[in-house]
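Counting begins at 1 with the first residue of the sequence.
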Amino acid sequence: MVDFPIEVVRGQFPALSLTDKGRRRIYLDNPAGTQVPQAVADEVSRCLLTTNANLGGYFETTIAAQSVVDEAHQAMADFLGAASFEEIIIGANMTTLTYHMSRTLGRTLKPGDEIILTRMDHEGNVSPWLQLAEDFGLVVRWLPFEEKSWQVEEATLTGLLSDKTKLVALNYASNLTGSINRVKALTAIAKQAGALVYVDAVQFAPHGLIDVQELGCDFLICSAYKFFGPHMGILWGRREVIDGLKPYKCRCSSNGLPERFELGTPQIELMAGLTAAVDYFAELGAAAGEGGSRRQKIARAFEACIAYENPLAQRLIDGLSDISGLTIHGITDRKRLADRVPTVSFTVDGIVPETIVRQMNAENIFLWSGHNYAWEIVHQLGIPAEQGVVRIGIAHYNTAPEIDETLESVHRVIAMLRQQRS
């Protein structure tokens with residue numbers, strides 16, 4: 001295990017020290033939402049108590065509230081490597097923002113135009129486009145993932161593109177298999193065909209540095225509550241693309257960027273927490289020795305986190321692989337750890353995933369079962385959607401002893417359930 005300040009990190013997350021009737025908690029539900037540092041909660045509280053006003057006035061609290069909003073947009077520009085804060089659109093959540101942007105883009109499309117969706121994505125980057133296609137008479141082409149590599153392959157995408165392709169919706173990392181797609185390469189292929197590229201980075205954002213300019217995509221979306229922040233969605237849009245779009249909005253609201261894409265009064269107090277979440281990464285990078293810009297500190301933080309998380313993921317995978325009849329749905333080759341995030345899903349022959357999870361939840365080990373909105377993945381793999389998988393998701397505040405305790409529980413619970421069945 002690398003030299004990572006795990007105790008310092010854990011000390012910043014109050015939830016990690018909570019107990020229930022004296023029993024510790026193990027948070028492995030992170031793909032569905034992470035815990036937050038004290039600084040995030042403090043900033044939300046401070047904003048509500050000291051800068052609580054709507055925007056657009058000339059008195060102290062409204063001026064301060066505007067600063068909170070501006071700082072959040074700049075923080076996310078630094079987090080994503082955007083050229084300008086004006087490219088950052090902040091809203092309620094990823095799904096709501098994607099629905100909104102899909103309808104905006106729908107104004108530029110005509111019947112017969114084609115869009116490509118993957119069999120690998122979360123429904124938040126599938127259903128909005130499916131329903132758009134239904135409303136506008138568009139043609140949907142499906143892009144499967146390769147079950148040997150667990151990734152979307154460039155050749156498969158190339159075979160689906162045509163001069164009618166207007167949009168390709170991709171995911172950066174799967175919330176079920178954990179696999180990371182080669183987004184830069186896939187984007188380049190789609191752009192050569194003249195298509196816009198919309199990237200769902202919700203599952204990648206907590207685990208790796210995102211550089212939207214290097215990726216070459218047109219849109220990228222993520223969720224703050226997946227990277228230790230409040231419940232918000234953030235959408236980056238390339239300036240030259242969003243400049244030409246006409247969003248659905250109130251007639252009298254601003255036509256400026258990014259305001260014309262941000263409907264209604266913003267969640268100002270959550271934006272304060274969003275900036276604090278980004279600054280948490282920057283502080284972690286500074287502690288790792290980076291003295292440069294906030295962006296450089298964030299990059300260093302991710303280097304440290306990846307080096308810490310990957311051995312934990314391998315420890316989990318190795319321990320699960322010892323169980324007969326257990327299938328891990330995702331990359332297990334230790335040489336390919338860089339091709340996945342530390343989200344590991346599995347099924348066990350003859351045992352419904354929920355029964356495993358209920359037993360482990362009763363031991364205060366927090367994890368999920370079900371399809372987890374990876375609707376297309378479970379169908380491609382032939383997994384019953386009503387059952388899904390057991391999903392264990394590691395964050396950089398988890399520890400090796402927690403993984404060991406979780407593995408012990410998995411072994412014991414499966415053995416108990418098999419004994420009950422026999």
Return all side-chain donor-acceptor pairs below 3.5 angstrom for residues 195-210, not counting sequence neighbours, or 'none' if the list is empty.
residue	atom	partner	partner atom	Å
Y198	OH	T98	OG1	2.8
D200	OD1	V202	N	3.0
Q203	NE2	P31	O	2.9
H207	ND1	E309	OE1	3.0
H207	ND1	E309	OE2	3.4

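- Heavy atoms of other residues, nucleotides or ligands lying less than 6.0 angstrom from OH of Y397 number more than 12.
- Separating the CZ atom in R391 from the CG atom in L367 is a distance of 9.5 Å, to the nearest 0.5 Å.
- Remark: the backbone N or O of R239 is paired with a side-chain donor or acceptor of E87 at under 3.5 angstrom.
- In terms of modelled atom types and a separation under 3.5 Å, the side chain of S345 and the main chain of V389 share no donor-acceptor contact.
- Judged by distance alone, the side chain of E290 and the main-chain N or O of G292 form a donor-acceptor pair under 3.5 Å.
- Annotation for G388 and I383: closest pair O-CG2, 3.4 Å, computed over non-hydrogen atoms.
- Taking all atoms of both residues into account, the shortest heavy-atom contact from L407 to L320 is CD2-N, 3.6 Å.
- For the residue pair E363/S409, the side-chain donor-acceptor check at 3.5 Å is satisfied.
- At least one donor-acceptor pair under 3.5 Å links the side chain of N175 to the backbone N or O of N372.
- The shortest heavy-atom contact between A277 and G229 is CB-CA, 3.7 Å.
- The aromatic rings of F281 and H396 are tilted relative to each other, their planes meeting at an angle between 30° and 60°.
- A distance of 5.5 Å separates CG in D349 from OG1 in T327, rounded to the nearest 0.5 Å.
- The main-chain N or O of S149 is found under 3.5 Å from a side-chain atom of R336 such that the two form a donor-acceptor pair.
- A 6.0 Å sphere centred on CZ of R24 holds more than 12 heavy atoms belonging to other residues, nucleotides or ligands.
- To the nearest 0.5 Å, the span separating NZ on K226 from NE2 on H231 amounts to 8.5 Å.
- F13 has its ring centre less than 6.0 Å from the ring centre of Y280.
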Please assess D339 against R182 for the test salt bridge (Lys or Arg N to Asp or Glu O under 4.0 Å), listing each intermediate value before the final yes or no.
CA-CA 9 Å; D339 293 335; R182 295 180 291 273; over 6 Å; no
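- Side-chain atoms of I394 and L28, non-hydrogen and from C-beta on, do get closer than 4.5 Å to each other.
- Residue-environment remark: CD (Q420) exceeds the threshold of 12 foreign heavy atoms within 6.0 Å.
- Using a 4.5 Å heavy-atom cutoff, the side chains of L186 and E154 are in contact.
- Surrounding NZ of K164 are at most 12 heavy atoms belonging to other residues, nucleotides or ligands under 6.0 Å away.
- Judged by distance alone, with hydrogens and angles left aside, the side-chain atoms of H371 form no donor-acceptor pair with the main-chain N or O of H379 at under 3.5 Å.
- With D78 as the partner, the side chain to side chain donor-acceptor pair (under 3.5 Å) test is satisfied by one option alone out of R295, R294, K297, Q296: R294.
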Full working for side-chain contact (heavy atoms from CB on, under 4.5 Å) between D279 and E43:
CA-CA 11 Å; D279 284 340; E43 283 304 302; over 6 Å; no
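- Taken from OG1 in T355 to CG in L417, the straight-line distance is 4.5 Å, to the nearest 0.5 Å.
- For the atom pair N398 CG and I403 CD1, the distance stands at 5.5 Å (nearest 0.5 Å).
- Checked by atom type and distance alone, the side chain of D211 pairs as donor or acceptor with a backbone atom of Q213 at under 3.5 Å.
- Q314 and D318 are linked by a side-chain donor-acceptor pair at a separation below 3.5 angstrom, with hydrogens and angles left out of the test.
- Taking the six-membered ring where the residue is Trp, H100 and F261 present perpendicular rings, their angle passing 60° and hence far from 30°.
- E376 has its side chain out of reach of T118: every pair of non-hydrogen atoms, C-beta onward, lies at least 4.5 Å apart.
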Test side-chain contact (heavy atoms from CB on, under 4.5 Å) on H73 and M271 and set out the steps.
CA-CA 8 Å; H73 287 81; M271 290 187 179; 4.1 Å; yes
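- Nearest heavy atoms, S174 versus I377: OG-CD1, 3.2 Å.
- Side-chain atoms of S162 and E114 form a donor-acceptor pair, as typed in the model, at a separation below 3.5 Å.
- The heavy-atom pair separating A72 from T275 by the smallest distance is CA-OG1, 3.1 Å.
- Residues R103 and D135 have side chains in contact (heavy-atom distance under 4.5 Å, counting atoms from C-beta outward).
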Please determine whether side-chain contact (heavy atoms from CB on, under 4.5 Å) holds for the pair I234 and F227, giving the CA-CA distance in whole Å, both sets of side-chain angles, and the decisive distance to 0.1 Å.
CA-CA 12 Å; I234 303 95; F227 57 83; 4.3 Å; yes
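- Remark: the backbone N or O of A32 is not paired with any side-chain donor or acceptor of D29 at under 3.5 angstrom.
- Proximity of L143 to L170: side-chain heavy atoms (C-beta onward) are separated by under 4.5 Å at one or more points.
- Looking only at side-chain heavy atoms (C-beta outward), I392 and T406 come within less than 4.5 Å of each other.
- Proximity of L117 to W142: side-chain heavy atoms (C-beta onward) are separated by under 4.5 Å at one or more points.
- R238 contributes a side-chain N or O that, together with a main-chain N or O of C217, makes up a donor-acceptor pair within less than 3.5 Å.
- For N171 against V183, the heavy-atom pair with the smallest separation is O-CG2, 4.1 Å.
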Passes side-chain contact (heavy atoms from CB on, under 4.5 Å), D333 versus W150? Steps please.
CA-CA 11 Å; D333 183 351; W150 295 99; over 6 Å; no
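- A side-chain donor-acceptor contact under 3.5 Å links S102 to the backbone of Y99.
- For the atom pair NZ of K110 and CG of L138, the computed distance is 10.0 Å after rounding to the nearest 0.5 Å.
- Side-chain contact between R260 and L245 is absent, with no heavy atoms from C-beta onward closer than 4.5 Å.
- Within a 6.0 Å radius of CZ in R334, no more than 12 heavy atoms belonging to other residues, nucleotides or ligands are found.
- Other residues, nucleotides and ligands place more than 12 heavy atoms under 6.0 Å from the CD atom of E386.
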